[in-house]
Every structure is written in structure tokens, then in C-alpha cells.
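Order of the sequence lines fixes the chain letters, A, B, ..., with proteins taken first and strands second; residue numbering starts at 1 for each chain. Please read all numbers here as calculations on a predicted model, not as lab measurements.
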Amino acid sequence: MSVDAAYPRLARPPHYKLAIALAGLLVVCLFLSSFVTSLVLGTIPSRISVFGLPVIALVALATWIGVRAFDRDPAERRRHLLRAGVILGIAFLLWLLLVDLFLFTGDAPLVALISAIACLPTTAFGIWVVRRLDRNEKEPWRLVMVAVAWGAVVATALVIWVNTSLGEIAASALVPGPGMDAFTAYGAGFFEELAKGLAVLLLYLVMRDEFDDVVDGIVYGACVGLGFNFMESILYMTHMYAIFAGEGFGAHVAGIQWYFRQVVGLFFGHATYTALIGAGLGVARQLPLMRQRVLVIVGGWLVAISAHFAWDAWLQFFPVGDGAFALIGVHLRTLLMNGPFTAVVLLLLAMGLQVEGQALRRQLELEAAGGTGTVAPAEVAVLTSPWRRWQARMQVLTLSGLGAYRRLARLQQAQLNLAMERWHRERRELGAPLDAEERLRQQVLALKA
Amino acid sequence: MTRGEELRPLYWAMVSLGVVGILILSAGLLDFFSFEPLGQRTGAHATVRGVFHYDPETKQVNGGDTRRFTADDAFAAEVDWTSLPASMVVDAHWFNILGTDVGGVGPQPAGELVDRSVIPVKIPEGFKHNLPGEYDFVVERYSGGQPVEVLARRLVYVRSAV
């Protein structure tokens with residue numbers, strides 16, 4: 001919906017500046033962390049320093065250019081997005097190189113590449129499903145992919161430092177066993193969710209016009225989690241391959257990793273945790289008081305950290321049984337330990353969709369009653385039902401072809417965007433001028449004409 | 001429906017989830033401190049003479065103290081149990097890169113372990129070599145039937161044999 005952004009900005013709002021400050025702080029923290037870690041921990045973190053910092057700098061640059069694309073003249077948008085895409089691509093490749101170097105095995109480049117190829121279809125399927133969950137107003141692919149890329153590259157780069165350092169601390173101070181597991185699980189839960197959640201927080205601060213409510217928060221959060229899971233899967237597959245290759249079943253173990261991370265755990269792990277953070281930010285997007293906003297954001301973060309912690313720390317206590325029962329047991333473990341949190345995400349999504357659906361219906365009815373011609377009274381029932389919208393498009397496709405189908409899809413989207421804009425204005429969630437709404441209205445009329 | 005009412009269920013859902021999160025993390029703290037109880041530092045240190053190549057036939061170590069091995073190498077740590085009070089209940093174990101226990105002695109009083117100073121790494125059942133990666137050798141003090149304090153630690157690195 002970049003063309004019909006809810007409220008084009010004339011100047012940078014305060015939350016935009018906060019986002020820039022946060023991003024700057026992030027880069028400084030990473031730089032200091034990499035410097036200290038490379039001094040203290042030696043070779044492997046040094047390699048991460050050498051290759052990790054350029055990756056982060058490139059992603060930061062790509063994000064900056066990407067954000068500019070949304071703020072500038074539409075004619076320049078394509079050029080900015082292309083540049084941002086190329087830079088993100090370079091960052092991605094550099095990160096893969098870093099993963100290989102981190103594992104420092106001779107087989108790693110090929111194994112990492114094969115692992116990446118194996119994880120691509122499953123992750124792509126996950127992203128497709130998550131994006132489709134937003135039934136009324138799907139998020140633009142470019143922002144969805146930015147979320148995925150941040151989860152895959154920036155968040156993973158951030159946590160490798162911390163996980164390495166925490167591992168060293170735990171190994172030097174704690175007794176091996178459940179206590180040490182709990183300590184490392186605290187570290188992983190806190191820092192990994194912090195790193196992933198930062199991406200959603202930045203989207204919430206910078207892209208308010210594309211971050212409408214709890215539904216959008218869940219979508220962006222889950223996408224960041226899927227990106228993180230993609231890169232983590234490659235890392236574990238390559239790592240496990242390196243460990244078991246000498247025994248002749250490296251590929252088998254890597255395959256098991258793929259199955260549990262990319263099939264069984266695709267929606268149950270990181271996607272669920274970060275979706276909980278996104279849900280908190282999404283609810284905060286629509287709350288009037290700062291105190292309430294902080295409370296729900298912290299609530300989302302806390303439950304995400306605790307869900308992640310519980311999985312990492314208490315996985316070993318779940319009885320999986322022996323022999324054939326073990327196969328059922330390991331699946332049940334995922335279902336029973338992560339399932340409740342995934343169910344909560346789905347419940348929040350359903351609640352969000354219900355609120356959103358009712359609001360859109362009300363706004364469409366008001367718009368139709370206003371007599372502006374943007375929404376006819378008969379269109380309201382169609383526009384508020386994803387199924388009926390699809391039916392209408394298919395009917396047009398059959399009668400008038402693909403061009404007409406696309407035009408109707410654009411019209412339906414513009415009408416829903418207008419209703420969404422009206423909803424935000426009714427809730428006094430916009431600090432933008434009224435002409436943004438009028439501009440959307442003109443766009444709908446132009447599409448109708 | 002007013003502006004506040006519309007989002008009230010979602011608001012309270014998120015607040016409740018935050019409380020659930022706090023409860024889970026608190027349970028995690030209890031879990032942590034039950035396995036890492038406070039006030040267990042005795043100041044005792046076990047002396048690990050080194051990690052050496054190991055001959056499974058003679059059950060003796062040979063060569064100098066080494067930090068790097070290949071997956072085909074047999075190796076063992078040597079502990080001077082006389083460096084600890086004889087009545088102190090201790091154990092010593094090797095953990096491979098997956099955190100699996102791959103050989104050790106104890107828990108027993110240190111005085112009863114004097115003739116078991118060499119602790120080799122065992123190749124896991126069904127495997128041909130040691131798994132490559134970091135190996136952690138830990139000497140622990142026991143209290144109340146569980147390890148509570150690390151008395152010595154050595155880290156070695158095993159390279160892949162292929």
C-alpha cells in the first residue's frame with residue numbers, strides 16, 4: 001500500500017527520530033561488542049568481527065535506503081528499492097560466508113549452500129501462510145521481506161556475540177547440567193528475543209502507516225521469526241553435518257535438523273515467539289496512553305522470552321519414550337511445549353481480525369452513507385468478506401480477463417485502505433493531515449472511473 | 001463501542017500474557033538456583049595435571065599436556081586427587097560438544113579415587129571415532145546428592161579425522 005500510504009510525511013515525526021537513534025545505538029553496541037569479544041575470545045569471534053560488522057553496516061544502509069524509498073518521490077522509489085535490495089543481497093551472501101567461517105570446516109560452503117536450498121521452500125511457504133493470515137489488508141511484500149531479512153541477518157548476527165560470550169561465562173562458572181542449561185536458556189531467550197523484537201520495534205516506529213494493529217504486528221513478528229529460523233536452521237544443519245560427517249551419517253543428522261526446524265518447528269518456534277512481541281507492539285499501536293502502550297509491549301516481550309526460555313531450559317525434562325514411541329514423543333514435545341504459545345498467537349490473531357473486521361465494516365458503511373461514491377452500499381458486504389472479495393475477483397477474471405481482475409483487486413485494496421485510514425482517524429491515532437484520507441478517496445474514485 | 005472498549009480484551013490479554021511470562025521466568029530462576037545453590041563456594045581447587053594421549057591397552061597416559069587432538073586419538077585427563085580433602089565427595093567427567101557425558105569417575109570421596117587419577121574419554125557406543133569439537137573436562141564437588149561446585153575445568157579441541 002505504499003502508493004496509498006495512510007499519511008505521507010512532511011517532516012520526520014518524533015518516533016522516526018527514536019528509530020534512527022535506536023538503529024544508531026544498535027550499530028555502536030555491535031561495534032563495541034565485536035571489538036571487546038574479538039579481544040577476549042580469540043579466533044572465531046574475531047572472524048565474526050571481520051565479516052559481521054560489514055554485514056550489519058550493509059543491512060543498516062539498505063534499511064536506510066529502503067525507508068527513503070517510502071518517503072520520497074514515487075518516481076525515485078523503484079531506484080531506491082533496487083539499491084536497497086542489492087545491498088541486502090550482498091549482506092546476505094556475506095552472512096552465509098560468515099556462517100561458513102564460524103564453522104570453519106572444509107565442507108561447510110557446499111553444505112551451507114545445500115542447507116540453504118533445502119530451507120528455502122519451507123521458509124517461503126511459512127512466509128506465504130503468515131502473510132495470508134492478514135485477511136483484510138495484506139502487508140506489502142517489500143516490508144515483509146525486510147522483516148525476514150532482519151530476522152535472518154541482523155538478529156542472528158547480534159545474538160552470536162552474546163551466545164558465544166554467555167557460553168564462555170557459563171562454562172567457566174557453572175556446573176554442567178540443568179542449572180547451566182537454565183542459564184544459557186535465559187541468555188538465549190532474553191537476547192534472541194531482544195534482537196528479533198528490535199526489528200519489529202523499528203517497523204512499528206518507522207512504518208506506522210503499514211503497521212495498523214495487532215494483526216500486522218503478528219505478521220511482521222512471525223516473519224522476523226521465520227527469517228531467524230531460516231538462518232539458524234542452516235547453521236545447525238551445517239554444524240551437525242560437520243560433527244557427524246566422520247561417522248558417515250552427517251547428511252542424515254542434517255536432514256533430521258531440517259525436519260524438526262523447518263517442518264515440525266516452522267510455526268511453533270521462533271515464528272511464535274516473535275509473533276508474541278509483534279502482538280504487543282500491534283496492540284500498543286492503537287492504545288491512547290503511553291503507560292498502556294509500554295505495558296502491552298513489555299507483556300509481549302516477557303511472554304516471548306519466557307516461551308523461548310521454557311523450550312530451551314526444560315526440553316530435556318519432557319519424556320519422549322523409547323523406540324517407536326520416541327518418534328511420537330518428540331513430536332508431542334513440540335506440540336505440548338510450544339503449542340500453547342502458538343495457540344495464544346492464533347487467539348490474538350482471531351481477536352484482532354474480529355476487531356479489525358467490525359471496524360472496517362463500520363467505516364465502509366459510513367463511507368457509503370457519506371455519498372462520496374467511493375463505496376456503494378452494496379459493496380460493503382463484499383468488501384468485509386475475504387471470501388466474497390475473492391469470488392468477485394474470480395467472476396471478473398472469468399468475464400473480463402486478467403487486467404480487469406487486477407484493477408478490481410487494486411480497487412478493493414484501496415477501498416479497504418480508505419476504511420482503515422478512517423478507522424485510525426476515528427480512534428485519533430493519526431497525527432497526519434486530513435488530505436491523506438482525501439487522497440485515498442481520490443485514488444478510489446480514479447480506480448472506479 | 002468507544003475507543004477504549006474496542007481494544008479492552010486485547011489489552012488485558014497482553015497484560016495477562018506478561019504475567020504468565022513473569023511466572024515462567026520466576027519458575028526458571030527457582031530451577032536455576034535449585035541446581036546452582038548459593039553459598040556453595042569452598043575455595044577448594046582440584047589439580048588437573050594435564051590432558052594427554054592415552055593408551056587403552058596399558059591404560060597409561062603418554063607425551064606432554066595437549067590441548068588439541070584428532071578424532072582418532074585416545075586421550076585422558078590426569079587428576080591429582082590428593083589436592084582435595086579425602087572426605088570431599090567429588091566426580092570428574094568429560095562432556096563432548098553435544099554436552100553428552102563421555103567418560104568419568106565418581107561421585108565418591110576424593111580419598112577413594114586416588115588410584116583412578118587417569119580419566120579417559122570413551123568413544124560413544126556405535127561410533128568409530130570421538131565426535132569433533134570442544135570437550136569439557138570438569139571436576140565437581142557434590143553435596144546433597146548433586147554437583148554444586150566446579151573445582152577444576154579443562155577444555156580441549158578435537159579435530160575431525162576426515
Visitor: Which pair of heavy atoms, one from B:I24 and one from A:A310, lies closest together, and at what distance?
Guide: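 Heavy atoms only, the tightest pair is CG2-CB, 4.2 Å.
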
Visitor: Within the 4.5 Å heavy-atom criterion, are B:H93 and A:P176 side-chain neighbours or not?
Guide: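 Contact flag for B:H93/A:P176 side chains = no.
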
Visitor: Decide side chain to side chain contact (heavy atoms under 4.5 Å, CB included) for B:F32 and A:L174; before the verdict, give the C-alpha distance in whole Å, the side-chain angles of both, and the deciding distance to 0.1 Å.
Guide: CA-CA 10 Å; B:F32 174 75; A:L174 301 176; 4.1 Å; yes

Visitor: So if I apply the side chain to side chain contact (heavy atoms under 4.5 Å, CB included) rule between B:L10 and each of A:V283, A:V296, A:L287, which one comes out positive?
Guide: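 Result for side chain to side chain contact (heavy atoms under 4.5 Å, CB included) with B:L10: A:V283.
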
Visitor: Counting only heavy atoms closer than 4.5 Å, note whether A:F183 contacts chain B via side chain, backbone, both or neither.
Guide: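 Its backbone and side chain both get close to chain B.
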
Visitor: Would you list the pairs meeting side chain to side chain donor-acceptor pair (under 3.5 Å) in which at least one residue belongs to residues 29-39 of chain B, sequence neighbours left out?
Guide: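 Sorted pair list: A:W314-B:D31.
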
Visitor: Is there a side chain to side chain contact (heavy atoms under 4.5 Å, CB included) between A:Y186 and B:L29? Walk through the geometry before answering.
Guide: CA-CA 9 Å; A:Y186 260 115; B:L29 269 184; 3.3 Å; yes

Visitor: Within a strict 4.5 Å, meaning less than it, do heavy atoms of the B:F35 and A:V175 side chains meet?
Guide: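 Side-chain contact under 4.5 Å: no.
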
Visitor: Once rounded to the nearest 0.5 Å, what's the spacing between atom CE of B:M14 and atom CG of A:L348?
Guide: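 The CE atom of B:M14 sits 6.0 Å away from the CG atom of A:L348.
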
Visitor: Where on B:V19 is there a heavy atom nearer than 4.5 Å to chain A: the side chain, the backbone, both, or neither?
Guide: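 Looking at B:V19, nothing touches chain A.
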
Visitor: Under 4.5 Å heavy-atom distance to chain A, tell me which part of B:L25 shows up: side chain, backbone, both or neither.
Guide: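 Contact with chain A: backbone and side chain both.
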
Visitor: What part of B:Q146 lies closer than 4.5 angstrom to a heavy atom of chain A: side chain, backbone, both or neither?
Guide: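 The answer is neither part of B:Q146.
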
Visitor: Report the C-alpha separation of B:F127 and A:F249 in whole Å, then their side-chain angles, then the decisive distance to 0.1 Å, and conclude whether the ring pair (Phe, Tyr, Trp, His ring centres under 6.0 Å) test is met.
Guide: CA-CA 11 Å; B:F127 286 74; A:F249 45 87; 5.8 Å; yes

Visitor: Please flag which part of B:L155 lies under 4.5 Å from any non-hydrogen atom of chain A: side chain, backbone, both or neither.
Guide: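 Neither part.
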
Visitor: Quick check: closest heavy atoms across A:M351 and B:A13, and the distance to 0.1 Å?
Guide: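 It is CE-CB, 4.4 Å.
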
Visitor: Could you please spell out the steps behind the side chain to side chain contact (heavy atoms under 4.5 Å, CB included) verdict for A:L302 and B:L17?
Guide: CA-CA 8 Å; A:L302 276 173; B:L17 285 172; over 6 Å; no

Visitor: Would you call B:Y11 and A:Q286 a side-chain contact if the rule is heavy atoms closer than 4.5 Å?
Guide: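 Side-chain contact under 4.5 Å: no.
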
Visitor: Quick one: pull up CD in A:Q292 and CG in B:L7 and give me the separation to the nearest 0.5 Å.
Guide: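 Between A:Q292 CD and B:L7 CG, I get 9.5 Å after rounding to 0.5 Å.
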
Visitor: Of all the heavy-atom pairs spanning A:A242 and B:P132, show the shortest one and how long it is.
Guide: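 Taking every non-hydrogen atom into account, O-CG, 3.7 Å.
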
Visitor: Does the side chain of B:L98 reach to within under 4.5 Å of the side chain of A:I243, using non-hydrogen atoms?
Guide: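 A side-chain contact under 4.5 Å exists here.
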
Visitor: Under a 4.5 Å heavy-atom cut-off, does chain A meet the side chain of B:V138, its backbone, both or neither?
Guide: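 Only the side chain of B:V138 comes within 4.5 Å of chain A.
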
Visitor: For the CZ atom of A:F244 and the NE2 atom of B:H129, what is their distance to the nearest 0.5 Å?
Guide: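 Here the interatomic distance stands at 12.5 Å.
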
Visitor: Heavy-atom count check: over 12 atoms from other residues, nucleotides or ligands less than 6.0 Å from A:Y236 OH?
Guide: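 Counting other residues, nucleotides and ligands, OH of A:Y236 stays at 12 neighbours or fewer.
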
Visitor: Most heavy-atom pairs under 4.5 angstrom with chain A, which of B:G21, B:S16, B:G126?
Guide: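 When all of B:G21, B:S16, B:G126 are compared, B:G21 has the most.
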
